[in-house]
Amino acid sequence: MFVLVNLKTYPCDPLEVAAAVRDVDEETDARIAVAPQAAHLERVAETGAETWAQHVDPIDYGSNTGHTLAETVADAGADGTLINHSEQRLKLADIDGAVRAAQRADLETIVCANNPAQIGAAAALGPDAVAVEPPELIGTGTPVSQADPDIVEDAVDAAANVDDDVDVLCGAGISTGDDVVAASDLGAEGVLLASGVAKADDPRAALEDLVDPL
Ligand SMILES: O=C[C@H](O)COP(=O)(O)O
């Protein structure tokens, strides 16, 4: 299972979480990575943790003030990037452009989507993976894998109908090992989560709990 911890803009210590991600990753068969804010990418990558960006823009080098260039993200040490997170939505053409920009910079890609229909459309754009996240469950602590299992199974089917090579993650409310096992049982190959680790008093213990049953 792939466990991707999105730090959003939570007031956590990104280096503390990154060190925990690096260490727990070495102790488990699961793959664990962390997605800090863009300004923290380089320092987080230097910890040795697998590091992802939260977003890249559909742009090339040039006059794009305030945008995030995929090549700069890769130069900072990122291995991959989220695209179209529920809190950073893009138009379809821009999702396509962001996937192309990430691929140009050799970044792995996960395109987020709200529901199975969007997952099918996202899979058609050729990312490495897609992540289904019902927006109403994000940050609630109510896990999608238990609150809305059908959406995960339908997302897995929707992606497979388009492209069998596109992995499916699920996210929203995932915070325990049981939630991760439930996601795996529904066919997800990973989980995307944030508050369960970023807002935990002890992020390392939260991570250990997440991967304990794997
Ligand atoms: O990127 C992560 C997702 O939006 C899920 O957030 P959450 O784990 O706080 O529900």
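Each ligand, and each atom within it, is numbered from 1 in the order the structure gives.
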**Q.** Closest approach of any protein heavy atom to atom 9 (O) of ligand 1, naming residue and atom
**A.** S195 OG, 2.4 Å

**Q.** Short N-O contact, D25 and R31, less than 4.0 angstrom
**A.** no

Q: Check the pair V24, L210 against side-chain contact (heavy atoms from CB on, under 4.5 Å), reporting the backbone distance first and the verdict last.
A: CA-CA 10 Å; V24 178; L210 276 162; over 6 Å; no

Q.
Taking only non-hydrogen atoms of G171, do any sit less than 4.0 angstrom from ligand 1?
A. no

Q.
Measuring from non-hydrogen atoms of G196 to any atom of ligand 1, is the shortest distance under 4.0 Å?
A. no

Q) Counting both backbone and side chain atoms, is some N or O of K8 under 3.5 Å from an N or O of ligand 1? A) yes

Q. Counting both backbone and side chain atoms, is some N or O of L192 under 3.5 Å from an N or O of ligand 1?
A. no

Q: Could you tell me whether I138 approaches ligand 1 through its side chain, its backbone, both or neither, with non-hydrogen atoms closer than 4.0 Å?
A: both

(Q) Just to check, does S86 reach to within less than 4.0 Å of ligand 1 when the distance is taken from its heavy atoms? (A) no

Q: Could you tell me whether E133 and ligand 1 have an N or O pair separated by under 3.5 Å?
A: yes

**Q.** Closest approach of any protein heavy atom to atom 8 (O) of ligand 1, naming residue and atom
**A.** A194 N, 2.8 Å

Q) Taking only residues at least two apart or on different chains, which pairs with a member in residues 178-193 satisfy salt bridge (Lys or Arg N to Asp or Glu O under 4.0 Å)? A) none

Q: Inspect the contact between E71 and R104 and indicate whether a charged nitrogen and a carboxylate oxygen are less than 4.0 angstrom apart.
A: yes

Q. Between G173 and ligand 1, does any nitrogen or oxygen pair lie at a separation below 3.5 Å?
A. yes

